[in-house]
There are 2 protein chains.
Amino acid sequence: MDKLPDLTPLRLAEDRLELLDQRRLPGAEEWIVCRDAGEVARAIEEMVVRGAPAIGIAAAYGLYLGCRRLGARGQDAAARGQLRARLTATRPTARNLFWALERMEAAARAHVQLTPEAFLGRLRAEAEAIWAEDVAANRAIAEHGAHPIGRGARILTHCNAGALATGGYGTALGVVRRAHEAGKGPVVLACETRPLLQGARLTAWELARDGIPVTLIADSMAAYFLGRGEVDLVLVGADRIAANGDTANKIGTYALAVLAAAHSVPFYVAAPTSTLDGALEDGTGIIIEHRHPDEVLCLAGVRIAPAGVPAANPAFDVTPHRYITAIITERGVHRPPFRRSLAAE
Amino acid sequence: MDKLPDLTPLRLAEDRLELLDQRRLPGAEEWIVCRDAGEVARAIEEMVVRGAPAIGIAAAYGLYLGCRRLGARGQDAAARGQLRARLTATRPTARNLFWALERMEAAARAHVQLTPEAFLGRLRAEAEAIWAEDVAANRAIAEHGAHPIGRGARILTHCNAGALATGGYGTALGVVRRAHEAGKGPVVLACETRPLLQGARLTAWELARDGIPVTLIADSMAAYFLGRGEVDLVLVGADRIAANGDTANKIGTYALAVLAAAHSVPFYVAAPTSTLDGALEDGTGIIIEHRHPDEVLCLAGVRIAPAGVPAANPAFDVTPHRYITAIITERGVHRPPFRRSLAAE
């Protein structure tokens, strides 16, 4: 990678993947070390690392570490298949996870005739390339996305589509970052993003770290500020985008899209093409992960609801394409009809 | 009061007001004792007691306790005016607070020629009547509101418009309670209601206590369930209703109203006529309380955001009348145009 981003949630070494423990931010900056595919899989499940592109990179490196642990058996398709199955089973919604593992498998198949050492070198290089390309994609997304952003734009965002969710720099927050670097002075209204508070803990942290003005709100307050005309655009990331533009993203995104439309505020999605799932005609085929109810019932280790009361915890929702003004990828700004504009990718 | 409700957030005695400390629920059931108007005012400010009708009752009793403390000086309009000013200054949005204090002042003026003892007796009786009438209003609201609710209705609610928010029984949750008592088997989806979690802490608690099925969700998940067709109606309380039907209620209500409309799901408001503010033409005149940012920045005593990041904390929003299917008061079910249907009240 020619320019290592200032903030990244991953560090790659020959024998390990180090992950910034995003469950602990912003209270503590701790790195967790994973030495094989199983440890990486657990880290993805437990959301040590989260964000569709970052999960993809971590899983790719996890596959490399798993093959490394297997030695010569890493060149056996069935053994590799078990590693892939373990990594694939971690989280169902983000496309990038599957995309990265498919790409790693293609690289493995292409180099299976090499010596074990050379084979591993190729796998490691492929995972590093996935990371480097993700950072480059983010910079391109930021460039495309920042262009139309006006001076002093008031940007509402949800969850964390920042450096921490990607290889570095970020998708939605990459656009904000670029607009800030270009002197446009964007200001951000960040939804806290219950249940896991990625907005409060991660987005607020990484924007404040870069000196970008950010104000935190509870998720339910977005409509209040939209209604007062205090939001110029909504800008979010994505976990999976179907061929027609239907977009899965963190739970709460769909509400923001409907609310933005009701207030005639543009709604932008920023994501690399690795998030596109051309095999899905529309969003109905996207599997929505349901996580443990305790994420809703407890907060910061404190139980907030009475004992015995159940909670629902869908982790994502799907925003129908008709609510999306544009989808920004590293290739450019795609406008409706998305089926046509995305097909070119 | 002929029938004391099973659950009430207040207990009145000759020399004191006891308030169930709603900040501590559901973890602990503790009662706070207030012996004068200042203590009641502080309890309202700190949300020991909350919910528009409950605040009104508490303030009325606070005025009685204040006059009692003043002795013969309670019959002096200026001294009483100071007590009223203190109680009025606690929270700006709920209409019931001002309504109850105006009613207490009218009673005081009507009986100012009585002996101090008889005068105080009349004030106490007036405050008790405000309580009793609120409970009766809730039962009438429940009767009117439960009538059109179908078998097994899936009801989405926000914040707590229950027994704890009123003299007892509740407004929106009174309707749910009545439908439950009538064997209709309603099930409730309760928004947790950040920042202070009245949905998670209070609504879930009082519904579970009555054996009414309730599932907790984060506020941002409402659109997901609306989109899946899993909500039959949205039902909330109110803090102030303008002449045209524009309704102030807990922050997040406006979002639910817009989302309900987008999914063709009816949106009902349940409130006693003491919540109506006929002097306000529309919702633009409603003062929205902004509370301390720490309510957003911290949760259950734990700081969730990085140091130095600001938060906004509007405590209410206004839902324009066009999003409201009907307003249910103790007099009946009011449908648009509300300016005409509410004027009769």
Side-chain angles (χ1 to χ4, degrees), chain A residues 25-27 158 189-195 197 200-201 204-205 207-209 213-225 227 250-259 261-263 288 293 296-297 299-314 316-318 320, chain B residues 25-27 158 189-195 197 200-201 204-205 207-209 213-225 227 250-259 261-263 288 293 296-297 299-314 316-318 320:
Chain A
L25 287 173
H158 191 63
L189 208 52
C191 291
E192 64 176 4
T193 318
R194 278 280 286 152
L197 299 168
R201 298 188 304 103
W205 181 74
L207 291 179
R209 197 170 174 277
V214 55
T215 299
L216 190 64
I217 58 170
D219 303 324
S220 67
M221 295 174 186
Y224 173 87
F225 291 100
K250 180 53 56 194
I251 188 77
T253 302
Y254 172 42
L256 294 180
V258 174
L259 292 166
H263 295 89
I288 299 297
V296 174
L297 295 167
L299 220 150
V302 180
R303 189 166 194 91
I304 57 171
V309 168
N313 191 14
F316 301 91
D317 55 29
V318 176
Chain B
L25 287 173
H158 191 64
L189 209 52
C191 291
E192 63 175 7
T193 318
R194 277 281 286 151
L197 299 168
R201 298 188 304 103
W205 182 74
L207 291 179
R209 197 171 174 278
V214 55
T215 299
L216 190 64
I217 58 171
D219 303 324
S220 67
M221 294 173 187
Y224 173 86
F225 290 100
K250 179 54 56 195
I251 188 76
T253 302
Y254 172 42
L256 294 180
V258 173
L259 292 166
H263 295 89
I288 298 297
V296 174
L297 295 166
L299 219 150
V302 180
R303 190 168 193 89
I304 56 171
V309 168
N313 190 13
F316 302 91
D317 54 29
V318 176

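So you know, we letter chains A, B, ... as the sequences are listed, proteins then strands, and number each from 1.
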Under 4.5 Å from any heavy atom of chain A - which part of B/L197
side chain
Kindly give the heavy-atom pair with the smallest separation between B/A208 and A/V309, and that separation in Å.
CB-CG2, 3.9 Å
Pairing residues for B/R201 by the salt bridge (charged side-chain N to carboxylate O under 4.0 Å, His left out) criterion, not counting sequence neighbours:
none
Working to the nearest 0.5 angstrom, can you tell me the gap between B/E192 CD and A/L299 CG?
7.0 Å
Using non-hydrogen atoms and a 4.5 Å limit, figure out which bit of B/V296 sits close to chain A: side chain, backbone, both or neither.
both
Value for CG (A/D219) from CG (B/D219), rounded to nearest 0.5 Å, stands at 7.0 Å
Side chain, backbone, both or neither: which part of B/P26 has an atom under 4.5 Å from a heavy atom of chain A?
side chain
Side chains of A/Y254 and B/S220, heavy atoms from C-beta outward: is any pair under 4.5 Å?
no
For B/I288, is it the side chain, the backbone, both or neither that has a heavy atom under 4.5 Å from a heavy atom of chain A?
side chain
If you count heavy-atom pairs under 4.5 Å between each of A/I304, A/V318, A/T253 and chain B, which one has the most?
A/I304
Those residues at least two apart in sequence (or on a different chain) that pass ring pair (Phe, Tyr, Trp, His ring centres under 6.0 Å) with B/F316 are none
In terms of heavy-atom proximity below 4.5 Å to chain A, should B/A312 be classed as side chain, backbone, both, or neither?
both
Using a cut-off of under 4.5 Å for heavy-atom pairs, which of B/V214, B/V302, B/I217 has the most such pairs with chain A?
B/V214
Is any side-chain heavy atom of A/M221 closer than 4.5 Å to one of B/D317?
no
How many angstroms lie between CZ in A/R194 and CZ in B/R194, if you round to the nearest 0.5 Å?
7.0 Å
Rounded to the nearest 0.5 Å, the CG atom of B/L259 sits from the CG atom of A/L259 at a distance of 5.0 Å
Gap between atom OG1 of A/T215 and atom CG of B/N313 - 0.5 Å precision
12.5 Å
Chain A heavy atoms under 4.5 Å from B/A204: which part of the residue, side chain, backbone, both or neither?
both
